[in-house]
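All remarks here apply to the structure that follows.
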Amino acid sequence: MNQLKEIYEMLYSLYGPQGWWPLLELSNDRHINITKSGSLKGYHPGDYSYPKTEAQKLEICIGAVLTQNTSWLQAEKALKALKINNLINIDSLIKADSVKTKELIRPAGYFNQKYERLILLAKFLKAHKGTPERDALLSIKGIGPETADSILLYAFRVPSFVVDAYTRRIVQGLGLVVEKSTYDEIKKIFEDSLKKDYKTYQEYHALLVEHAKRHYKRGDSIENCPLFQRFNKKHLLKSNHR
DNA sequence: AACCAGGACGTGA
DNA sequence: TCACGTCATGGT
């Protein structure tokens, strides 16, 4: 049996489609934007046709950097500031005054290094049109495995599974991997368990984030996690001996 | 009022 | 390889 596929089905039935990656605004006004936060825009549950424009694609790339070790709430403030100043644009971003741009992205924290990383990423995207190779993204200073995979999966619809702190916390909590598992090891067990489909990867990652926010915050006991009873390895081991 | 959020890099052992 | 310090802001 395929536990990771069962977990996906369970999470999907619990929470439904998540509509990731969140965008500042959606391109089609006719679209009904139902979001979990109650805000009017950003998410597009069940619609896997985003990004629809080059600007949205770039917005995802920039957002992936801005949210590094930072809550999405803060990253989104920085993203909005960039958008208002017409800096969600490769050439504008590159030529804009660094002091001013840093001030705009200040809410996301680490604004000095994030500025440098955004410029390096923008220059890369300018030089390499089309879908980038993972290794090429990883060679950019400031783009690590999670950011690279987020860009590939959500901006370019490449089925490359994203492993973040939430993902690690959940699969470790269920005993599916050991603590010292590497990023690539965890990535591989997901990719080996699922059909290579960007929609599934996008949805799964988003569902894991939603699930972690509900049950894996500090102070939460893992017994309250609905996945725990069914999928925890030690628990299953005990059951088998009855 | 600590604690931490959708990480990544540089350093020394 | 790997553990550890650094980068920075603002919400709970």
Side-chain angles (χ1 to χ4, degrees), chain A residues 11 15 17-24 35-39 42-45 50-51 59-82 98-122 124 134-156 160-173 178-187 190 198 201-220:
Chain A
L11 292 175
Y15 309 128
Q18 298 299 300
W20 273 43
W21 184 278
L23 293 160
L24 290 180
T35 81
K36 44 199 161 193
S37 62
S39 73
Y43 295 89
H44 41 91
Y50 289 91
E59 179 185 323
I60 292 171
C61 295
I62 293 174
V65 170
L66 290 176
T67 197
Q68 287 174 356
N69 201 35
T70 303
S71 68
W72 180 251
L73 183 68
Q74 295 302 113
E76 192 180 48
K77 291 176 186 171
L79 208 49
K80 284 176 179 168
L82 290 177
S98 64
V99 176
K100 187 195 280 185
T101 302
K102 286 181 180 180
E103 196 57 34
L104 295 175
I105 67 172
R106 172 185 285 271
Y110 310 108
F111 55 87
N112 288 305
Q113 42 174 23
K114 280 180 180 174
Y115 170 78
E116 302 297 338
R117 293 172 181 187
L118 288 177
I119 297 302
L120 289 175
L121 178 57
F124 174 88
R134 187 169 191 267
D135 287 339
L137 287 173
L138 290 175
S139 71
I140 305 168
K141 187 184 297 182
I143 308 298
E146 185 189 336
T147 306
D149 288 331
S150 295
I151 289 172
L152 288 170
L153 180 59
Y154 290 104
F156 292 94
S160 190
F161 204 88
V162 177
V163 177
D164 64 353
Y166 291 145
T167 309
R168 173 179 291 275
R169 220 174 290 169
I170 290 173
V171 293
Q172 277 182 18
V178 294
E179 307 87 61
K180 52 183 171 291
S181 301
T182 66
Y183 182 99
D184 288 327
E185 286 166 354
I186 298 177
K187 176 183 176 66
F190 278 93
Y198 83 91
Y201 286 16
Q202 286 185 352
E203 200 61 77
Y204 206 154
H205 173 66
L207 286 166
L208 287 169
V209 172
E210 176 63 22
H211 183 67
K213 284 179 174 171
R214 297 190 189 217
H215 296 288
Y216 286 77
K217 285 182 180 300
R218 185 168 289 264
D220 293 339

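So you know, we letter chains A, B, ... as the sequences are listed, proteins then strands, and number each from 1.
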Rounded to the nearest angstrom, tell me the gap between atom [atom1] in [X] and atom [atom2] in [N].
X	N	atom1	atom2	result
A/E210	B/dA5	CD	P	16 Å
A/K114	C/dG10	NZ	P	12 Å
A/Q74	B/dG7	CD	C1'	16 Å
A/Y115	C/dA8	OH	P	14 Å
A/I186	B/dG7	CD1	P	13 Å
A/K102	C/dA8	NZ	P	9 Å
A/E116	C/dT6	CD	C1'	16 Å
A/L66	C/dC7	CG	C1'	15 Å

Review point. Under 3.5 Å, is there a donor-acceptor pair between the A/S160 and A/K187 side chains?
Key: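 A pair is found: one side chain offers a donor N or O, the other an acceptor, under 3.5 Å apart.
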How many angstroms lie between [atom1] in [X] and [atom2] in [Y], if you round to the nearest 0.5 Å?
X	Y	atom1	atom2	answer
A/R168	A/E179	CZ	CD	9.5 Å
A/Q202	A/Q18	CD	CD	12.5 Å
A/L153	A/E146	CG	CD	11.5 Å

Practice item. Ignoring backbone atoms, establish whether A/K217 has a side-chain N or O less than 4.0 Å from OP1 or OP2 of B/dA5. Key: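 So the side chain of A/K217 is outside the cut-off, no N or O lying under 4.0 Å from OP1 or OP2 of B/dA5.
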Practice item. Please determine if a side-chain N or O atom of A/R169 lies less than 4.0 Å away from the OP1 or OP2 oxygen of B/dA5. Key: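 Yes, such a contact exists.
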**Study point:** B/S/- contact track for nucleotides 8-13 of chain B, protein heavy atom under 4.0 Å
**Key:** SSS---
Taking the [atom1] atom in each of [N] and [M], what is the distance between them to the nearest angstrom?
N	M	atom1	answer
B/dA1	C/dC7	P	24 Å
B/dA8	C/dG10	P	22 Å
B/dT11	C/dA8	P	16 Å

**Study point:** 5' precedence on DNA chain C between A/S71 and A/N112 (nearest-nucleotide basis)
**Key:**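 Its nearest nucleotide lies further toward 5', so the answer is A/N112.
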Practice item. Using a heavy-atom cut-off of under 4.0 Å over every strand shown, decide if A/F111 touches base, sugar-phosphate, or nothing. Key: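 Sugar-phosphate only.
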**Study point:** Residues A/E103 and A/K100 bridged, charged N to O under 4.0 Å
**Key:**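 So A/E103 does not pair with A/K100 through a salt bridge.
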Point to revise | Student check: side-chain heavy atoms of A/L152 and A/Y201 closer than 4.5 Å | key: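 No, every pair of side-chain atoms sits at 4.5 Å or beyond.
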Check your understanding: Taking the six-membered ring for Trp, are A/Y216 and A/H211 ring centroids under 6.0 Å apart?
Key ->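 Here the rings of A/H211 and A/Y216 have centres that are less than 6.0 Å from each other.
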